[in-house]
Amino acid sequence: EVLKEMADGSVPSDLVTYNSVLGTLLVDRSPHEVLDEMEGIGIEPNHITFNSLLASMARAQKLRLHDFVAVVGEMVRRMKMSGIKPADRTFNAIMRGYSRLREPERVMQTMNDMREHGLEPDVYSFNALMAAYAGKPEETQAVLEVMHKAGVRPNASSFFLAIGAFLHSGDLPSAKAVYGEMSSMSV
């Protein structure tokens, strides 16, 4: 509905409107096409635009590694050209995509890129890494330990990811231990 009103001019085609309907626009357009369309009518994308496009791609039903890698590269390139610095949300959106693709090495590389930009991984970053290790309890437990050492407090999702990994492997005692840790932290 809003897209029709944007096309006929009854709703302004501006940055706020575009940012509000990005998810809908990506149904039948690529992120590149959306950005080209915006720029073609004189609308400069901002950090919200790029982060929303990356987050939408990370949630895409048919996410494929080579497509996601290409989109990430293009979005980061265009952000730099626009003078927009990637923020923690930018990196976390990228990590969620790699996490869904079960690519822990790429999640870790993105964490390193985040640090190179002067940002520290947060609970969402570490949760993406744990999710990328789905079903691998030793790796998931190691991520929890790194979180503790880094001073990042796990949230409920962190613990559920760890508990799920232990349950998936049939290690009920370890799952109970993680649950006990979660309870002791009042999470």
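- Within 6.0 Å of CZ on R64 lie no more than 12 heavy atoms contributed by other residues, nucleotides or ligands.
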Problem set entry | side-chain contact (heavy atoms from CB on, under 4.5 Å) assessment of K85 paired with H47 | CA-CA 8 Å; K85 291 183 180 180; H47 66 284; over 6 Å; no

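- At a threshold of 4.5 Å between non-hydrogen side-chain atoms, the residues L144 and P154 count as touching.
- Looking only at side-chain heavy atoms (C-beta outward), Q109 and N112 come within less than 4.5 Å of each other.
- Ion pairing between E74 and R78 holds under the 4.0 Å rule for side-chain N and carboxylate O.
- Follow the hydrophobic side-chain contacts under 4.5 Å out from M95 and you reach Y124 in the same cluster.
- Pairing each heavy atom of P86 with each of M79, the nearest pair is CA-CE, 3.8 Å.
- Side-chain atoms of N46 and N19 include a donor-acceptor pair closer than 3.5 Å.
- The line from CE of M147 to OG of S158 is 3.5 Å long, rounded to the nearest 0.5 Å.
- When every heavy atom of I84 is checked against every heavy atom of P45, the shortest pair comes out as CD1-O, 3.6 Å.
- The aromatic rings of F68 and Y98 lie perpendicular to each other, with more than 60° between the two planes, well past the 30° mark.
- Note that CG of L65 is 5.0 Å distant from CD of E103, once rounded to the nearest 0.5 Å.
- Listed by first then second residue, pairs satisfying side chain to side chain donor-acceptor pair (under 3.5 Å) with a partner in residues 163-174 read D171-S174, not counting sequence neighbours.
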Exercise. Passes side-chain contact (heavy atoms from CB on, under 4.5 Å), R115 versus E120? Steps please.
Worked result: CA-CA 6 Å; R115 288 181 185 103; E120 288 299 317; 4.0 Å; yes

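- In this structure, Y18 and I48 have side chains that are not in contact, with every pair of non-hydrogen atoms separated by 4.5 Å or more.
- Here the closest heavy-atom approach between residue S56 and residue L26 is recorded as CB-CD1, 3.3 Å.
- Residues F50 and T90 form no side-chain contact, since every pair of their non-hydrogen atoms from C-beta on lies 4.5 Å or further apart.
- Between the OG atom in S30 and the CG atom in D67 there is a gap of 10.5 Å [rounded to 0.5 Å].
- Cluster annotation: L35 is not connected to V16 through the hydrophobic network of ILVMFWY side chains, with a link wherever side-chain heavy atoms come within less than 4.5 Å.
- Judged purely by distance below 3.5 Å, without hydrogens or angles, the side chains of N127 and S157 never pair a donor atom with an acceptor atom.
- Looking at every heavy atom in both residues, L22 comes nearest to S52 through CD1-CB, 3.5 Å.
- Put simply, the side chain of R59 never gets that close to the backbone of G97: no donor and acceptor are under 3.5 Å apart.
- Hydrophobic clustering of Ile, Leu, Val, Met, Phe, Trp and Tyr side chains at less than 4.5 Å, counting indirect connections, keeps M81 apart from V71.
- A128 and S99 get closest at one heavy-atom pair: O-OG, 2.9 Å.
- Note on K136 versus E139: no salt bridge recorded, every NZ/NE/NH1/NH2 to OD/OE distance being 4.0 Å or above.
- Partner of F91 under the side-chain contact (heavy atoms from CB on, under 4.5 Å) criterion, chosen from D122, L119, N51: L119.
- When all heavy atoms of L54 and A93 are compared, the pair lying nearest together is CB-CB, 4.0 Å.
- At a threshold of 4.5 Å between non-hydrogen side-chain atoms, the residues E37 and I43 do not count as touching.
- Of the inter-residue distances, the one linking M108 atom CE with D113 atom CG reads 12.5 Å to the nearest 0.5 angstrom.
- Residue pairs that meet the side chain to side chain donor-acceptor pair (under 3.5 Å) test with at least one member in residues 177-186, sequence neighbours left out, are H148-E181.
- Between Q141 and V178, the closest side-chain pair of non-hydrogen atoms falls below 4.5 Å.
- Linking Ile, Leu, Val, Met, Phe, Trp and Tyr residues whenever their side-chain heavy atoms come within less than 4.5 Å places L53 and L63 in a single cluster.
- Taking CZ from R96 and OG1 from T110, the interatomic distance works out to 12.0 Å, rounded to the nearest 0.5 Å.
- Taking 4.5 Å as the limit, some side-chain heavy atom of F160 sits within range of a side-chain heavy atom of M182.
- Side-chain contact between R106 and I94 is absent, with no heavy-atom pair separated by less than 4.5 Å.
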For this session: Output, in order, the C-alpha distance, side-chain angles, deciding distance and verdict of side-chain contact (heavy atoms from CB on, under 4.5 Å) for Y133 and R102.
Result: CA-CA 7 Å; Y133 282 126; R102 303 293 184 250; over 6 Å; no

